[in-house]
Amino acid sequence: MRAALVGIDFGQGDFAASVEELNLLARSAGAEPVTIITAKRSSPDAAYFVGSGKADEIGQAVLADRIEIVIFNHALSPAQQRNLEKRLNIRVLDRTSLILDIFAQRAKSHEGKLQVELAQLQHLATRLIRGWTHLERQKGGIGLRGPGETQLETDRRLIGERVKALRARLGKLRKQHETQRRSRGRTQTFSISLVGYTNAGKSTLFNAVTKAGVYAADQLFATLDTTSRRVYMGQEVGNVVLSDTVGFVRELPHQLVAAFRATLEETIHADLLLHVVDAASPVRMEQIEQVNLVLKEIGADHIPQILVWNKIDAADLEPSVERDEYDKISRVFLSARTGQGLDLLRDAITEWAKAAPNARLNESYESQQDIEQELEEVESSPTLTDVGSH
């Protein structure tokens, strides 16, 4: 699908990197970016976001380059999106919708699909309600209560019912995850989560450490579903649990953060975070900041971190470790692809696990039999009847 990309520079952050990321996002969604249209503004235009003159320029590019879709590197209001589609006579997508579409393509597990559908419905609900406000002004009366308003109410009800069912199902899955975590706590298993900006190499590193064979590719959001594996770290530490989580991105839609909270619970309850960084990226410091913002939003900013500088082979760096002022390992430089520095990472994990406070590893739980019984009850409970998708 031939696409035109639109980015507006408001004088904040690295604009060129942001546009390049939109290019990667569009390609990840299956689009073929043909032209990139940029402009500078102090603030968005209320009607078209870009202003009427720039909207006409986009329209000319659509005709000249046979564009099939226009993708904005920003979140558009329902009115702006509707006005642009009417003026350009073509489908317009904003950044939020683009990321939601990529997540919908990549979700493989049952839970991942539920989470993406919930996020999409929540996003659709705002477009539905605000897009039909002219009908809501009709207060009734003879000849004024038409089928449009009836359809709007029907769509609202169906979306509401489906959202309620999805939240209930995800709530049950969250309970199942919590039971599994309590079981791990009972066995005093040290828990580690991989976090980081999308395409930083988390899944490649996960495979290198665990030999799990998780899908990894040089694309944004290659994997969405959390995968956990036990890894033996030697006699002193025993097994640890390593979890690979969904990658983060700047301006990650709030609907996705909320919907994927069940997946991100693994991050919240970890003993240690391995924050994977693309050492070869020119905007790596900004990416680190973006990841930390999401971690703060989900309540995981208090968990200890090791910054794992990955792809040192592409950045011309050597394997090494750095320690903080308390003599704790704070950075590990490695290449998950070539295996350089993986032994340093294992040593760092072992050191952190050995130093973990006993209070964290020996929390009081019910007996193992009670935990297993509870897990069986959660897994055997009847599945919610799905309301038809609309």
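- By the 4.0 Å N-to-carboxylate-O rule, Lys311 lies close enough to Asp278 to be salt-bridged with it.
- For the atom pair Phe206 CZ and Ile192 CD1, the distance stands at 11.0 Å (nearest 0.5 Å).
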- Message: salt bridge (Lys or Arg N to Asp or Glu O under 4.0 Å) for Lys54 and Glu57? Distances and angles first, verdict last.
- Response: CA-CA 5 Å; Lys54 184 59 68 171; Glu57 181 185 330; 2.9 Å; yes
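- Between Leu5 and Asn73, every side-chain heavy-atom pair lies at or beyond the 4.5 Å cut-off.
- Side chains of Asp94 and Ser97: a donor on one and an acceptor on the other come within 3.5 Å.
- Counting heavy atoms from C-beta outward, Leu98 and Arg95 have side chains that stay 4.5 Å or more apart.
- Between the Gln287 side chain and the Val277 main chain, no donor and acceptor come within less than 3.5 Å of each other.
- The closest side-chain heavy-atom distance from Leu242 to Leu274 is below 4.5 Å.
- Minimum heavy-atom separation, Arg169 to Leu114: CG-CD1, 3.2 Å.
- Distance check: Ser193 OG to Leu295 CG gives 10.0 Å after rounding to the nearest 0.5 Å.
- Applying the side-chain contact (heavy atoms from CB on, under 4.5 Å) test between Leu76 and each of Thr96, Leu84, Leu93 identifies Leu84 as the sole match.
- Atom CG in Leu25 sits 5.5 Å away from atom CD in Glu21 (nearest 0.5 Å).
- Counting only heavy atoms from C-beta outward, the side chains of Lys296 and Asn292 never approach each other to under 4.5 Å.
- Gln60 and Asp56 are not linked by any side-chain donor-acceptor pair at a separation below 3.5 angstrom, with hydrogens and angles left out of the test.
- Distance check, rounded to the nearest 0.5 Å: CD of Gln122 to CD of Glu117 gives 11.0 Å.
- Between Phe10 and Phe49, the angle of the ring planes goes over 60°, which puts this pair in the perpendicular group of the 30/60° scheme.
- Side-chain atoms of Gln81 come within 3.5 Å of backbone N or O of Val92 as a donor-acceptor pair.
- Put simply, the side chain of Asp65 never gets that close to the backbone of Ile67: no donor and acceptor are under 3.5 Å apart.
- Here the straight-line distance linking atom NZ of Lys202 with atom NE2 of His275 works out to 9.0 Å at 0.5 Å rounding.
- Here CG of Leu205 is found 6.5 Å from CG of Leu342. Values are rounded to the nearest 0.5 Å.
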